[in-house]
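Take a look at the structure set out below.
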Protein chains: 2
Amino acid sequence: MATINDVAKRAGVSKGTVSSVFSKKRPISTEVTERVLAAAKELSYFPNQLARSLAIKKTMIVGLKIPISREHAMSGFEVQLINGVIRECSKRGYRVLLDTLPEHDDPIHFAVDPVDGVIMLNPRTNDPRIDRYKLMQTPLVLIGRPDPMDASVCYVDNDNVRIGSQVGQYLIDNGHTSVLFLNASSDMTVAADRKSGLYEAFERSGLSTEQLKVLHYSRKQHGNPTKYGYVSLKHSYGNHEFTAVIADTDRVALGALQATRELGIVIPEQLSIVALSDDPILAQETSPKLTSVELSAELLGSEAAKILLKKIKNIGIVQQKVIDAKLILRESCKTYV
Amino acid sequence: MATINDVAKRAGVSKGTVSSVFSKKRPISTEVTERVLAAAKELSYFPNQLARSLAIKKTMIVGLKIPISREHAMSGFEVQLINGVIRECSKRGYRVLLDTLPEHDDPIHFAVDPVDGVIMLNPRTNDPRIDRYKLMQTPLVLIGRPDPMDASVCYVDNDNVRIGSQVGQYLIDNGHTSVLFLNASSDMTVAADRKSGLYEAFERSGLSTEQLKVLHYSRKQHGNPTKYGYVSLKHSYGNHEFTAVIADTDRVALGALQATRELGIVIPEQLSIVALSDDPILAQETSPKLTSVELSAELLGSEAAKILLKKIKNIGIVQQKVIDAKLILRESCKTYV
DNA sequence: CTGAAAGCGCTTACAG
DNA sequence: CTGAAAGCGCTTACAG
């Protein structure tokens with residue numbers, strides 16, 4: 001690969017000049033410009049972004065840290081979220097470095113990536129990476145709230161307590177007093193938040209939270225979300241009393257739906273189902289169509305990107321944003337008439 | 001941000017030594033190692049990948065060039081494909097730089113990206129980028145065949161002629177003699193390939209290709225694939241004779257399905273539908289379930305990544321691979337009994 | 001086991 | 001409008 005030096009020599013100019021004709025940062029006479037361009041073409045010269053980035057300390061790349069399971073495809077939620085990030089970034093001329101690599105616990109391996117900022121999914125409790133990004137002074141925005149709360153970090157999130165409460169209230173309003181909650185895995189902050197929202201709704205209505213059966217997903221135990229829905233329903237139905245099930249995601253709901261079919265349970269007459277994470281396309285194609293909460297994953301992604309891009313331009317900004325989730329009524333819940 | 005120099009000074013060693021304790025490329029005494037690590041910690045030092053990459057000429061990043069429409073979400077095909085690329089890359093410790101930016105025609109803006117190689121989707125006819133990557137000596141693998149054919153470039157692809165022919169034959173075997181083909185946009189090589197395969201099948205069976213009505217998608221004209229399916233069917237039904245329609249993708253089929261519902265056409269009794277690009281989940285959730293061709297997008301992605309990674313390790317390798325597509329029979333085609 | 005120095009390929013004040 | 005030189009933050013022969 002020819003370098004800027006080769007071109008400079010060939011064109012009989014300094015490399016600063018070559019740099020300028022490509023970057024257009026200072027005016028170069030047309031005569032020289034042409035000579036340089038000709039030399040560049042002859043030598044098949046292409047500017048090296050890496051070297052450029054090192055010099056100007058800017059890459060026009062946004063890092064997206066999103067752990068992806070080795071076995072399964074991305075969920076609709078992840079896909080939409082990535083979509084939102086990409087769309088927003090590409091609108092502003094940024095590219096996206098997808099980092100799905102498992103995280104190194106060893107901080108020695110933590111390096112500053114060739115990115116201008118990073119979006120990080122699902123921070124864990126006391127996530128050490130948050131501090132490291134602070135020390136690096138790398139602009140960071142989380143998707144999902146930091147735990148413990150930290151007013152100095154940027155994030156976008158749904159209000160998961162509210163989601164739990166809302167769905168609970170909806171079921172209560174329609175006559176349900178006992179529900180099976182197929183919750184997310186217990187180490188996720190969303191799981192705790194949604195559960196507490198659900199409890200809240202029950203208590204508010206003077207119902208006993210004893211009527212709430214909450215299960216947690218475990219990849220080790222269940223294999224995948226659809227199986228989780230399937231076996232959980234099969235095991236629980238008959239053993240526990242419940243007239244409604246809340247599924248953590250549409251995939252979980254799919255498994256549950258399958259189980260009800262095999263058990264001969266009629267939806268929604270005998271059992272109501274609502275899913276919390278919604279791939280709008282999927283939810284409309286099941287039968288019956290799935291009543292579910294639209295988390296607006298794409299919006300989460302694009303808002304995260306917006307905030308990050310703002311922050312990159314103006315270090316110091318800190319901003320949080322909660323994205324509205326809405327319950328979309330379709331056909332899988334019995335409504336009280 | 002502290003640099004390697006700061007750490008070296010603080011620890012009272014040379015920067016080569018600091019470099020070595022982080023890279024472990026040459027042995028450093030434990031005493032010095034500890035001093036360096038302590039200094040690094042005190043100064044919040046994190047190695048700069050960018051500088052490292054420039055020095056060693058390696059980034060451990062794979063570029064994925066995948067133009068994404070501003071308006072719509074990614075298609076199932078794209079999602080699966082990206083999935084395949086990511087999965088394979090992350091398995092080998094590579095990250096993926098998603099580049100969805102619109103391509104600059106101006107070759108002056110073509111720079112060598114901070115990647116070790118690139119995967120490029122849907123090359124155009126006489127795509128100038130292919131030559132540029134050659135000149136840059138950037139390892140390249142295409143998804144979709146180069147046009148014109150070029151034995152020196154790596155690619156993975158379905159055999160789209162075969163797909164067209166296979167689907168055609170299947171329809172013919174089941175008694176169809178006239179079909180509506182809702183093909184991809186006319187500037188895509190896949191469109192031509194599939195069409196010629198379909199013609200082939202008709203000719204082989206001694207049928208008149210006059211009974212083939214082929215339409216092409218145009219974003220300008222149709223807006224989006226689903227609308228394309230919807231309006232095309234509405235316009236064509238009644239005006240043209242056909243007992244089967246081949247939809248370019250499942251999204252197109254979705255639109256067509258919707259149109260048939262409104263027109264009161266019973267699927268598959270009155271009309272057979274087969275889709276060429278298959279999101280397995282989507283296809284199974286429509287009613288009736290969609291008979292469709294599984295393109296194995298994920299496999300396309302992972303195979304492309306495999307070849308690229310091999311090529312990165314050993315420049316000079318050239319390899320092509322055609323990925324099998326299979327027709328999955330579900331419920332949307334009438335079968336001849 | 002460690003250091004001094006050249007090099008990776010750019011950019012950017014500073015000077016003219 | 002252009003050049004010479006220092007700098008971006010690393011790595012790596014070479015020498016000891």
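Only a predicted model underlies this, so the values are computations on that prediction, with no experimental measurement involved. Lettering follows sequence order; numbering is per chain, from 1. Below, all heavy atoms of this structure are taken into account, side chains as well, without hydrogens, waters or symmetry copies.
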**Study point:** Main-chain N/O of A/Asp99 paired to B/Arg95 side chain as donor or acceptor, under 3.5 Å
**Key:** no

Check your understanding: Starting at the 5' end of DNA chain C and moving along, which residue's nearest nucleotide shows up first, A/Met1 or B/Arg26?
Key -> B/Arg26

Study note, to complete from the structure: Per-residue pairing states of DNA chain C in dot-bracket (Watson-Crick or G-U under 3.5 Å; . unpaired, | other strand) read |||.||||||||.|||

Review point. For B/Pro123, what residues pass the side chain to side chain contact (heavy atoms under 4.5 Å, CB included) criterion, not counting sequence neighbours?
Key: B/Met120, B/Asp127, B/Ile130, B/Leu142

Review point. Above 12 or not: heavy atoms from other molecules or residues under 6.0 Å from NZ of A/Lys58?
Key: no

Check your understanding: Under 4.0 angstrom, heavy atoms only, what part of the nucleic acid is A/Tyr45 near: base, sugar-phosphate, or nothing?
Key -> sugar-phosphate

**Study point:** Smallest separation among heavy atoms of B/Pro47 and B/Phe22, with atom names
**Key:** CG-CD2, 3.9 Å

Review point. Regarding A/Ser14 and A/Thr17, is there a side-chain donor-to-acceptor distance under 3.5 Å anywhere?
Key: yes

Check your understanding: Mind checking the P distance from C/dC10 to C/dC14? Whole angstroms is fine.
Key -> 24 Å

Point to revise | Backbone of B/Gly16 reached by a side-chain donor or acceptor of B/Ser20 within 3.5 Å | key: yes

Practice item. Just call it for A/Leu54: base, sugar-phosphate, or nothing, with non-hydrogen atoms closer than 4.0 Å on any strand. Key: base

Exercise for review: Report which part of the nucleic acid A/Phe46 touches: base, sugar-phosphate, or nothing (heavy-atom distance under 4.0 Å, all strands).
Suggested key: sugar-phosphate

Check your understanding: Going 5' to 3' along DNA chain D, which nucleotides are the first and last within contact of chain A (any atom under 4.0 Å from a heavy atom)?
Key -> D/dC1 to D/dG9

Exercise for review: Can you tell me, in whole Å, how much space there is between the C1' of C/dT12 and that of C/dG16?
Suggested key: 16 Å

Point to revise | Nearest-nucleotide comparison on DNA chain C, the residue closer to the 5′ end among B/Thr33 and A/Thr3 | key: B/Thr33

Check your understanding: Given that B/Ala51 and A/Ile28 both sit by DNA chain D, which one's nearest nucleotide is further toward the 5' end?
Key -> A/Ile28

Revision key, fill the gap. Whichever of A/Val32 and B/Ser20 has the more 5' nearest nucleotide on DNA chain D, that residue is A/Val32

Review point. Minimum heavy-atom separation for B/Ser53 to A/Leu50, with atom names?
Key: CB-CD2, 3.6 Å

Check your understanding: Is there a donor in the side chain of A/Lys91 and an acceptor in the side chain of A/Ser302, or the other way round, less than 3.5 Å apart?
Key -> no

Review point. Can you check whether B/Tyr133 and B/Phe110 have ring centres sitting under 6.0 Å from each other?
Key: yes

Exercise for review: Select base, sugar-phosphate, or nothing to describe what A/Lys25 touches, counting heavy atoms under 4.0 Å on all strands.
Suggested key: sugar-phosphate

